[in-house]
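Here the structure is laid out as structure tokens; the discussion comes afterwards.
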Number of protein chains: 2
Amino acid sequence: MKTLRVPEATVSRLSIYSRFLERLDKNGITTVSSGEIADGVGVSPAQVRKDLAYFGDFGTRGVGYNVKDLLKYTLKILGLDQEWPLAIVGAGNLGFALCTNRSLSIRGFRIAGVFDNNSTRVGKRIGNLEIKPLAQFPEIVKKENIRIGVIAVHTSLAQEVADIMVKSGMQAILNFSPATINVPDGIEIRNVDLSIKLELITFNLGLRTAQNL
Amino acid sequence: MKTLRVPEATVSRLSIYSRFLERLDKNGITTVSSGEIADGVGVSPAQVRKDLAYFGDFGTRGVGYNVKDLLKYTLKILGLDQEWPLAIVGAGNLGFALCTNRSLSIRGFRIAGVFDNNSTRVGKRIGNLEIKPLAQFPEIVKKENIRIGVIAVHTSLAQEVADIMVKSGMQAILNFSPATINVPDGIEIRNVDLSIKLELITFNLGLRTAQNL
DNA sequence: GACTGTGAAGCCATTCACAGCT
DNA sequence: AGCTGTGAATGGCTTCACAGTC
């Protein structure tokens with residue numbers, strides 16, 4: 001299988017294009033140009049074309065891209081043509097929000113288990129999902145064939161939870177805590193940091209103030 | 001004032017170094033080397049030195065960096081030596097989680113207002129904060145001197161909320177919805193996407209499966 | 001005429017390797 | 001000897017500009 005080196009930034013943008021295409025498709029639009037995609041998501045047309053070209057020749061010169069087809073391709077490339085069950089550890093406010101947020105329960109994702117060790121939470125329901133004790137994590141992820149774990153616990157517990165996830169065979173971990181997590185080679189760890197972007201903002205606003213703009 | 005061009009990636013890492021330094025300081029550690037910081041946050045030592053060198057000569061050759069001093073410098077650089085009041089729009093599960101999450105209420109940030117238009121939410125409290133109707137956004141942000149708005153509403157309302165924020169004088173917006181938001185030049189918009197990293201994971205796991213690894 | 005696909009150029013960020021200080 | 005600060009080299013991503021196709 002041909003596996004070229006694709007920039008991560010390209011894959012991230014592919015997610016964004018894909019969602020934009022879903023919207024176009026829902027609105028009954030059948031054809032789209034790189035320029036229209038670019039306008040819609042805020043990048044340059046050349047970027048859109050280059051990104052898509054990593055994966056094939058999806059467009060028609062002089063015409064553009066077929067929305068339905070391109071949508072299908074992007075979903076396929078991102079691996080979203082199959083279902084990905086997720087296991088979330090941490091049923092506090094953040095875990096709760098993730099369970100009910102559409103982002104993690106559409107486009108191929110399904111939350112298949114929520115775990116917590118806080119006895120006031122275990123047994124309660126989030127939607128039609130029952131919060132299970134962390135001890136049941138290994139058996140449930142095996143039964144449900146879960147390969148991706150989501151960390152939504154407090155910083156101080158994050159590494160511990162990650163270790164359990166690794167031991168239970170998770171192949172990838174999405175970490176919503178600000179902790180730096182260590183995992184063995186071969187396991188993918190991704191962090192979603194809720195405050196880094198905020199500190200980028202204050203850095204920039206600080207500069208602005210310093211320059212009296 | 002000296003304003004060199006600093007890579008955004010450098011500023012983001014500075015946030016991470018800064019948090020790591022807080023931890024060291026709390027543990028009573030007084031001196032740290034670029035190698036130790038690198039190990040602690042998962043980057044290369046050269047990267048740490050280069051990043052810090054953008055802002056000054058904070059270290060001592062042969063010794064390392066003074067933890068307390070470097071922490072203070074990083075906070076100053078990030079603009080976190082002052083208080084930044086935030087206004088969150090959207091008091092659903094995500095907004096609620098953000099209000100209660102420590103990430104947005106430490107290190108210089110303070111949630112100074114939460115707004116929603118859903119009448120079942122308005123008037124309720126999150127901690128010691130009362131959810132206000134969106135109509136009060138302009139007057140409250142003026143009174144509280146808020147420059148940064150946080151969008152935690154559903155995708156379909158995100159642009160509308162952003163427009164209100166811009167009209168009310170927000171200088172920067174942190175957007176937690178997957179919508180692509182348009183703002184005038186001079187206003188900073190940053191997106192925190194809850195699912196892009198997840199789709200990066202499925203992309204990579206998909207490749208792995210394709211290669212039978 | 002319109003729009004894609006792509007080599008080449010340009011730009012930005014990271015890594016290397018070492019001089020310089022303690 | 002140990003560690004920082006930094007020019008130089010490398011690597012990676014984005015933009016440019018245009019040939020190719022409809």
Side-chain angles (χ1 to χ4, degrees), chain A residues 2-17 20-21 24 29-71 73-74 77 196 200 203-204, chain B residues 2-17 20-21 24 29-74 77 196 200 203-204 207:
Chain A
K2 196 171 142 210
T3 310
L4 20 168
R5 187 110 215 91
V6 179
E8 286 212 344
T10 289
V11 180
S12 297
R13 282 190 298 266
L14 209 65
S15 290
I16 296 172
Y17 303 156
F20 181 66
L21 291 165
L24 294 183
I29 293 160
T30 57
T31 305
V32 69
S33 70
S34 61
E36 289 164 335
I37 297 175
D39 282 352
V41 306
V43 302
S44 75
Q47 183 81 82
V48 172
R49 293 200 298 278
K50 185 124 263 184
D51 284 340
L52 294 175
Y54 276 107
F55 303 101
D57 294 4
F58 302 127
T60 309
R61 288 163 200 242
V63 180
Y65 303 89
N66 178 287
V67 172
K68 264 197 200 317
D69 288 350
L70 188 56
L71 173 56
Y73 289 133
T74 54
I77 293 163
I196 281 186
L200 258 170
F203 172 79
N204 285 329
Chain B
K2 196 170 140 210
T3 309
L4 19 168
R5 188 112 215 89
V6 179
E8 285 212 344
T10 290
V11 180
S12 297
R13 282 189 298 266
L14 209 65
S15 290
I16 297 172
Y17 303 157
F20 180 67
L21 290 166
L24 292 183
I29 294 161
T30 57
T31 305
V32 68
S33 70
S34 61
E36 289 164 335
I37 297 175
D39 282 352
V41 305
V43 302
S44 74
Q47 183 81 82
V48 173
R49 292 200 299 277
K50 185 127 263 187
D51 284 340
L52 295 175
Y54 277 107
F55 303 101
D57 294 5
F58 302 127
T60 309
R61 289 163 201 243
V63 180
Y65 302 88
N66 178 286
V67 172
K68 263 197 200 316
D69 287 350
L70 188 56
L71 172 57
K72 198 158 55 180
Y73 289 133
T74 55
I77 293 163
I196 281 185
L200 258 170
F203 173 78
N204 286 328
L207 284 186

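By convention in this document, chain letters (A, B, ...) are assigned in the order of the sequence lines, proteins followed by strands, and residues within each chain are numbered from 1.
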Inset, instruction - By nearest nucleotide on DNA chain D, pick out whichever of T60(B) and D51(A) is the more 5' one. - result: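 Mapping each residue to its closest nucleotide by heavy atoms, the 5'-most match is T60(B).
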
Legend entry - Contacts of type side-chain hydrogen bond (donor to acceptor under 3.5 Å, both in side chains), residue K68(A), not counting sequence neighbours: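 For K68(A), the residues satisfying side-chain hydrogen bond (donor to acceptor under 3.5 Å, both in side chains) (neighbours in sequence not counted) are D25(A).
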
Legend entry - Set of residues satisfying side-chain hydrogen bond (donor to acceptor under 3.5 Å, both in side chains) with respect to Y17(B), sequence neighbours excluded: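 Testing Y17(B) for side-chain hydrogen bond (donor to acceptor under 3.5 Å, both in side chains), a comparison that skips the adjacent residues, returns D51(B).
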
To the nearest Å, give me how far apart [atom1] ([X]) and [atom2] ([N]) are.
X: L52(B); N: dT15(C); atom1: CG; atom2: P; value: 15 Å
X: N66(A); N: dC3(C); atom1: CG; atom2: C1'; value: 15 Å
X: I37(A); N: dC3(C); atom1: CD1; atom2: C1'; value: 12 Å
X: Y54(B); N: dG5(D); atom1: OH; atom2: C1'; value: 13 Å
X: Y65(A); N: dT21(D); atom1: OH; atom2: C1'; value: 13 Å
X: R13(B); N: dC12(C); atom1: CZ; atom2: C1'; value: 12 Å

Side-chain ([X]) to main-chain ([Y]) donor-acceptor, under 3.5 angstrom:
X: S33(A); Y: E36(A); answer: yes
X: S44(A); Y: Q47(A); answer: yes
X: T74(A); Y: L70(A); answer: yes

Legend entry - Of G62(A) and G59(A), the one whose closest DNA chain C nucleotide lies more 5':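 It is G62(A), whose closest nucleotide lies nearer the 5' terminus.
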
Legend entry - Non-hydrogen side-chain atoms of F55(B) and L14(B) separated by less than 4.5 Å: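 Yes, side chains in contact.
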
Inset, instruction - Examine dT15(C): is either OP1 or OP2 under 4.0 Å from a nitrogen or oxygen in the side chain of Q47(B)? Give yes or no. - result: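 Indeed, a polar side-chain atom of Q47(B) lies that close.
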
Legend entry - Short side-chain N/O contact to dC3(D) OP1/OP2 from S33(B), under 4.0 Å: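 Checking S33(B) against dC3(D): no side-chain N or O falls below 4.0 Å of OP1 or OP2.
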
Inset, instruction - Heavy atoms under 4.0 Å is the rule here; annotate nucleotides 6-12 of chain D 5' to 3' with B where the base is hit, S where only the sugar-phosphate is, and - elsewhere. - result: BBB----

Legend entry - Selection from dT14(D), dT15(D), dT4(C) that lies nearest to any side-chain heavy atom of T10(A):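 From the listed options, dT14(D) comes nearest.
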
Inset, instruction - For residues Y65(B) and F58(B), establish whether the separation of their ring centroids is below 6.0 Å. - result: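 They do not qualify: ring centres at least 6.0 Å apart.
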
